[in-house]
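Report on one structure; see the data block that follows.
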Amino acid sequence: MKKISILGSTGSIGKQTLDVVREHKDKFEVIAISANSSVELLLEQIKEFKPKYVAVYNEDAAQKLKTMIPSDINIKVLSGMEGLKTISSLPEIDVLLTAIVGMIGLVPTLEAIKHKKDIALANKETLVCAGKLVMSEAKKNGVKILPVDSEHSAIFQSLNGENYKEIEKIILTASGGPFRGKKKEELLNVTKNEALKHPNWSMGRKISIDSSTLMNKGLEVIEAKWLFDVEVDQIDVVVHPQSIIHSMVQFNDSSVIAQLGCPDMRLPIQYALTYPERLENSFERLDLTKIATLTFEEPDLETFPCLKLAYDTLKMGGTYSAVLNSANEVLVEAFLEDKIGFYDIPKYIKETLDAHDSIENPTLEEILEVDRWTREYVKSLIQ
Ligand SMILES: NC(=O)c1ccc[n+]([C@@H]2O[C@H](COP(=O)([O-])OP(=O)(O)OC[C@H]3O[C@@H](n4cnc5c(N)ncnc54)[C@H](OP(=O)(O)O)[C@@H]3O)[C@@H](O)[C@H]2O)c1
């Protein structure tokens, strides 16, 4: 029985993780769940999965949840960052599944690593802002970082039994998002509702906007660099609108290995939880004759400058990727609140990067300080 703690159990990935657990009740036990403030859904999850702990980041929501839990349910309710750290490092858990959104996941993830817990990582922002630190801590503590992102899971699966030194290229596939094929002039006035309509995946709001700007792919390029220890010029992005090939690895003998499947996040979630084993399930099977055509295009970096900005920050090194990430978090929120336009996102990110004094090998405290500075700087630009 694998014992799991989930950061962000009420989100898109969190709920799909619980679907996987529901299908394999004899294999997984949920010890802890958490959210920011979705107490009604947490209560439902508590009743169904009977975890021993629940952490609610928002203090008022935590107090509210306490009053909602029936007296016959024995559960510890925690709150704030301390609550997230506690459920990430419980002695009884085997793995922490990080399905929280944003760099808020960094501190609890490092806490789990310090306590030698394996990480099933969906929260890409953690690696984007502190990839070097997180990977070196994981190595030091003998901890596995198992990718949940479908692209990174595909790469991880393509590398099974292979020598990482023989990687020539990683080829990340991208659906292209809702605005694939459009030009900048057509996108100047797009609304959040148009941007939220992803063609292939149903996801949380932040990642859906990131997919529409191609920032999501940029964040994934940075995530891939740290997960697979490759250079930035070894990572290519190819637009593949069908989302059937989830990503590929090209080796030094020119061979390319890919992982394919229907677009369903439960598969990479399950693989991260069962690795190195595979587990039978009821998920839809791929029928290539029905799909018939798989197509590929180059990404359009002029229309989608966020992808280029992400590559640039990797090349510049230091804390530039952390700034890119924090600025993007603030700007996506502002776009979702109708405070800025679609192209203000790359514009203000670029201005913030230009104003930043990078730190070469940042500590956790320095990364958190860079995050604070970035958020304030971006907010001043918006105003
Ligand atoms: N969705 C996908 O298909 C997908 C695919 C690949 C990777 N990812 C990555 O997985 C992560 C989660 O994405 P998602 O789409 O599942 O997001 P989502 O649906 O927005 O869910 C986010 C989760 O994080 C919780 N949360 C947010 N802020 C928090 C805080 N301050 N403290 C504690 N919990 C907090 C939310 O709680 P509340 O419900 O209370 O707000 C919710 O449970 C992201 O990093 C994303 O890039 C997602």
Side-chain angles (χ1 to χ4, degrees), residues 7-8 11 36 57-58 81 84 98-111 121-135 149 204-226 304-337 339-383:
L7 288 179
N36 181 28
Y57 184 74
N58 180 294
M81 181 51 78
L84 298 184
T98 64
I100 198 167
V101 60
M103 75 89 74
I104 186 109
L106 172 61
V107 169
T109 303
L110 281 172
E111 188 71 11
L121 183 104
N123 174 230
K124 63 189 84 179
E125 293 91 346
T126 281
L127 278 192
V128 173
C129 63
K132 201 176 199 171
L133 180 69
V134 170
M135 294 312 287
D149 230 338
R205 284 158 70 84
K206 193 246 174 196
I207 185 175
S208 296
I209 299 300
D210 285 347
S211 297
S212 74
T213 59
L214 287 204
M215 178 57 94
N216 184 47
K217 213 43 59 181
L219 301 180
E220 288 177 7
V221 168
I222 301 170
E223 185 184 8
K225 189 245 168 329
W226 295 116
F304 301 102
C306 286
L307 176 55
K308 182 172 180 313
L309 284 172
Y311 267 108
D312 290 345
T313 65
L314 255 191
K315 288 179 194 150
M316 294 188 292
T319 38
Y320 283 112
S321 296
V323 170
L324 171 100
N325 180 70
S326 300
N328 183 58
E329 285 188 24
V330 177
L331 291 162
V332 168
E333 211 174 293
F335 178 68
L336 283 169
E337 289 167 1
K339 289 185 182 152
I340 59 167
F342 190 66
Y343 278 100
D344 288 330
I345 298 175
K347 179 179 143 207
Y348 289 139
I349 291 175
K350 173 85 174 65
E351 284 180 36
T352 312
L353 289 171
D354 288 344
H356 176 57
D357 281 327
S358 179
I359 305 166
E360 211 36 55
N361 284 305
T363 60
L364 173 62
E365 288 65 36
E366 286 169 330
I367 292 166
L368 296 176
E369 184 47 41
V370 165
D371 175 59
R372 267 191 293 276
W373 172 84
T374 305
R375 284 171 197 271
E376 270 175 34
Y377 192 83
V378 176
K379 280 178 191 157
S380 73
L381 290 179
I382 297 174
Q383 274 153 21

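Everything numeric in this text was worked out from a predicted model, so none of it was measured. Residue indices begin at 1 and follow the sequence shown.
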- request: Evaluate the side chain to side chain contact (heavy atoms under 4.5 Å, CB included) criterion for residues Lys225 and Ile222: first the C-alpha distance (whole Å), next the side-chain angles of each, then the deciding distance (0.1 Å), finally the verdict.
  value: CA-CA 5 Å; Lys225 189 245 168 329; Ile222 301 170; 5.6 Å; no
- request: Let me see the working for Ile100 and Glu125 under side chain to side chain contact (heavy atoms under 4.5 Å, CB included), right down to the final yes or no.
  value: CA-CA 9 Å; Ile100 198 167; Glu125 293 91 346; over 6 Å; no
message: Between Lys124 and Ile207, is the side chain to side chain contact (heavy atoms under 4.5 Å, CB included) condition met? List the steps.
response: CA-CA 10 Å; Lys124 63 189 84 179; Ile207 185 175; 3.7 Å; yes
Stepwise side chain to side chain contact (heavy atoms under 4.5 Å, CB included) test for Asp371 and Asn325: CA-CA 9 Å; Asp371 175 59; Asn325 180 70; 6.0 Å; no
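Closest heavy-atom contact between Asn123 and Gly105: OD1-CA, 3.5 Å. Pairing each heavy atom of Pro108 with each of Leu7, the nearest pair is CB-CD1, 3.9 Å. Here the closest heavy-atom approach between residue Tyr377 and residue Glu351 is recorded as CE2-O, 4.1 Å. Nearest approach of Gly317 to Ser358, heavy atoms of both residues: O-OG, 3.9 Å.
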With a cut-off of 3.5 Å and sequence neighbours excluded, list every side-chain donor-acceptor pair involving residues 339-347.
residue : atom : partner : partner atom : Å
Lys339  : NZ   : Glu337  : OE1          : 2.8
Tyr343  : OH   : Thr303  : O            : 2.7
Asp344  : OD2  : Gly341  : N            : 2.8

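Every residue meeting the side chain to side chain contact (heavy atoms under 4.5 Å, CB included) condition with Lys308, not counting sequence neighbours, appears here in chain and number order: Leu301, Asp312. Judged as a side chain to side chain contact (heavy atoms under 4.5 Å, CB included), and not counting sequence neighbours, the contacts of Ala130 are Leu106, Leu133, Val134, Ile367. Considering only residues two or more places apart in sequence or on other chains, Tyr57 meets the ring-ring contact (aromatic ring centres under 6.0 Å, His included) condition with none of them. Residues satisfying the side-chain hydrogen bond (donor to acceptor under 3.5 Å, both in side chains) criterion with Ser211, sequence neighbours excluded, are absent altogether.
Residues Met81 and Ile104 have side chains in contact (heavy-atom distance under 4.5 Å, counting atoms from C-beta outward). The side-chain heavy atoms of Asn328 and Lys206, taken from C-beta on, include a pair separated by under 4.5 Å.
Between the CG atom of Leu219 and the OG1 atom of Thr313 there is a distance of 9.0 Å, given to the nearest 0.5 Å. The distance from atom OG1 of Thr374 to atom CD1 of Ile349, rounded to the nearest 0.5 Å, is 10.5 Å. Considering SG of Cys129 and CG of Leu368, their distance stands at 8.0 Å, rounded to 0.5 Å. Considering CE of Met215 and CG of Leu307, their distance stands at 9.0 Å, rounded to 0.5 Å. To the nearest 0.5 Å, atoms OG1 (Thr109) and CG (Leu121) are separated by 6.5 Å. Between atom CG of residue Leu331 and atom CZ of residue Arg375 there is a gap of 10.5 Å, rounded to the nearest 0.5 Å.
Relative orientation of the Tyr320 and His356 rings is perpendicular, given thresholds of 30° and 60° on the angle between their planes.
Counting only distance, with no hydrogens or angles, the side chain of Ser326 and the backbone of Val323 share no donor-acceptor pair below 3.5 Å. Of the possible donor and acceptor atoms, one in the side chain of Thr319 sits under 3.5 Å from a partner among the backbone N and O of Ile359. A donor-acceptor contact shorter than 3.5 Å links the side chain of Glu366 to the backbone of Thr363.
A salt bridge (charged side-chain N to carboxylate O under 4.0 Å, His left out) check over residues 354-365, counting only residues at least two apart or in different chains, returns the pairs Lys350-Asp354.
A salt bridge between Lys379 and Glu376 is absent, with no side-chain N of the basic residue lying under 4.0 Å from a carboxylate O of the acidic one.
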